[in-house]
Every structure is written in C-alpha cells, then in structure tokens.
Amino acid sequence: CSGATRTYLDSTGDLPWAVAGILTTHVVTTELRRVVTSGQRRGRWSGVPLQDRQALRRDELISAGVTLLGGEGGPALTVRAVCREAGLTERYFYESFADRDEFVRAVYDDVCNRAMSTLMSASTPREAVQEFVALMVDDPVRGRVLLLAPEVEPVLVRSGAEWMPTFIGLLQRKLTTIGDPTLQNLVATGLIGALTALFTAYLDGRLTASREQFIDYCVDLLLSRATR
C-alpha cells in the first residue's frame, strides 16, 4: 500500500482495541446494573406471597401519590413521577389503576378514609381536634391533599363534594345534646364549613396562631355550637 495509506493505518491501528475496550466496559456495566436491579427486586418482595404483592405495590404507589399531590409547591403528579417516587415501573402502576384520574381519586380517598378513622376513634371534641391536627397539620402533606388539592385538581371537585356529607354525618351523630335532627344537620354543616376554612387557612400560613391556640379555638367552637 502507499505511504499515505500506511500512515493512516499506523495512526488508527489501535482504534479497534479501544472500541473493543469501550464495548466490553459497556457490556459489563449493563450486566452489573441488571444483576443489582434484579437483586433489589428479589429483596424487595422477598418472603411476600405472590397474591399479596399487588396490594403492597398499590400501597406504595398511593403513598407516593400523597407525597406528590400534597407537595408544598402544589401538585406535581404524573404517572412517571409517581412511579419514580415509589421506585416501581409504569407496568405496576397500570396493574392497579386505569389512568391518572383514577389514581388521583384513590389517593384522595385514602386520605379521607384516614381522616374519618381518626375522627371516629376520638371520644371527646378535644381529642378529635388534637388527633386531626396531628394527622393533617403536623403532617401537612396529608392536610394539603384533603383541603387544598380539590381546589387545583379538577378530578377531585366531585370527590370533595361526595365526601362532604360523610364528614357532616359523622359530626352530626356526635351532637347528641341537640335533639332536633334538622338543627343537628344545620349545626354540623356549619361547623364542617367553619373548620374546613380554619384548617385551610392554618395550612396556608394565613393564620399565625400557635398550635395550642389553634386547637383551643377549634375545641371552643365545637363545644359552643354543640350545646345549643
């Protein structure tokens, strides 16, 4: 071959070895990632019966949804973001939910059910307020899902309206000192409206009251109306 050709071959003679080295490194790295990921997956579900794994994955997705839907900067909830937060693939998302809207409603329902359970277990107005503050204010993510998310998530407008009578009914059943059912309903509806506004403003930072001041005021409000 010509001198120019020899010069070119001499200058690039090591290129195939360099390429081979890069490819080998890539293959080894890819294989290590596969092995590590596979090991993490096995460890994550180790000892969990197959029939229980879907329920656990659903719980993890819901938990991730609460975090994202109740974020301080407002909802940042996409299917991809939820899966990333939960450490699961989109395949597992669609295993439990048809689409984003169904998922958002499920997240909201989960928070509402927890709130109802907390209120139902309380034996006094003070205990109810204290437990609700602990659930929704001390952990403001849940509070923002319950009270603020319906204002910015169109899919939750109906869900919020559907849950409202449930909270009103629960409070109405606690108003045992009021004998007239119509008056009970009026008082319960008014109290739920007032408490919703108070908790929303407190979460928003529009109320500068201390935690104890806030609890005392809510308790006084409940007691003053419950004894009418």
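Across all their heavy atoms, Ala64 and Glu85 have their closest contact at CB-CG, 3.5 Å. The nearest pair of heavy atoms linking Val155 to Arg105 is CG2-NH1, 3.0 Å. Minimum heavy-atom separation, Arg144 to Gly70: NE-O, 2.6 Å. In plain terms, the two heavy atoms of Leu171 and Ala188 that are nearest each other are CD2-O, 3.8 Å. Leu77 and Gly65 make their closest contact through CD1-O, 3.9 Å (heavy atoms, listed as atom of the first residue, atom of the second, distance). For the residue pair Gln172 and Pro181, the shortest heavy atom distance occurs at NE2-O, 3.3 Å.
Thr200 contributes a side-chain N or O that, together with a main-chain N or O of Thr196, makes up a donor-acceptor pair within less than 3.5 Å. Under the 3.5 Å distance criterion, the side-chain polar atoms of Ser63 are left unmatched by any main-chain donor or acceptor of Asp59. Side-chain N or O atoms of Ser121 include one that pairs as donor or acceptor with a backbone N or O of Thr118 at under 3.5 Å. Under a 3.5 Å cut-off, the side chain of Glu153 and the backbone N or O of Ala149 do not form any donor-acceptor pair.
Rounding to the nearest 0.5 Å places CD of Gln130 at 7.0 Å from OG1 of Thr124. In this structure, the separation between CD on Gln213 and OG1 on Thr208 is 8.0 Å, given to the nearest 0.5 Å. For the atom pair CZ of Arg173 and CD of Gln184, the computed distance is 10.5 Å after rounding to the nearest 0.5 Å. Residue Arg57 holds its CZ atom at 10.5 Å from CG of Asp52, rounded to the nearest 0.5 Å. Once rounded to the nearest 0.5 Å, the distance linking CG of Leu170 with CG of Leu175 reads 9.5 Å. Separating the CG atom in Leu61 from the OH atom in Tyr92 is a distance of 11.0 Å, to the nearest 0.5 Å.
Residues Phe132 and Leu195 have side chains not in contact (no heavy-atom distance under 4.5 Å, counting atoms from C-beta outward). Side-chain contact between Asp138 and Arg211 is present, with heavy atoms from C-beta onward closer than 4.5 Å. Taking 4.5 Å as the limit, some side-chain heavy atom of Ile215 sits within range of a side-chain heavy atom of Arg126. When side chains are defined from C-beta on, Val79 does not count as touching Phe103, because their heavy atoms never get closer than 4.5 Å. Between Val145 and Leu156 there is no side-chain heavy-atom pair separated by less than 4.5 Å. Side-chain contact between Leu69 and Val111 is absent, with no heavy atoms from C-beta onward closer than 4.5 Å. For the pair Cys83/Thr89, no side-chain contact is recorded, criterion being any heavy-atom separation below 4.5 Å from C-beta on. In this structure, the side chains of Leu148 and Val152 stay at 4.5 Å or more apart for every pair of heavy atoms.
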Tell me which donor-acceptor pairs under 3.5 Å the side chains of residues 160-168 have, and how far apart each pair is, sequence neighbours excluded?
from, atom 1, to, atom 2, distance (Å)
Glu162, OE2, Arg158, NE, 3.0
Trp163, NE1, Asp109, OD1, 2.9

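No path of Ile, Leu, Val, Met, Phe, Trp and Tyr side chains, each step under 4.5 Å between heavy atoms, connects Val107 with Val157, placing them in separate hydrophobic clusters. Cluster membership check: Leu191 does not share its hydrophobic cluster with Leu186, using side-chain heavy-atom separations under 4.5 Å among Ile, Leu, Val, Met, Phe, Trp and Tyr.
Residue Met116 qualifies as enclosed at atom CE: its count of foreign heavy atoms under 6.0 Å is above 12.
When the salt bridge (charged side-chain N to carboxylate O under 4.0 Å, His left out) test is applied to Arg142, the partners found at least two apart in sequence or on another chain are Asp110, Asp139.
A ring-ring contact (aromatic ring centres under 6.0 Å, His included) check over residues 203-226, counting only residues at least two apart or in different chains, returns the pairs Phe199-Phe214, Tyr202-Phe214.
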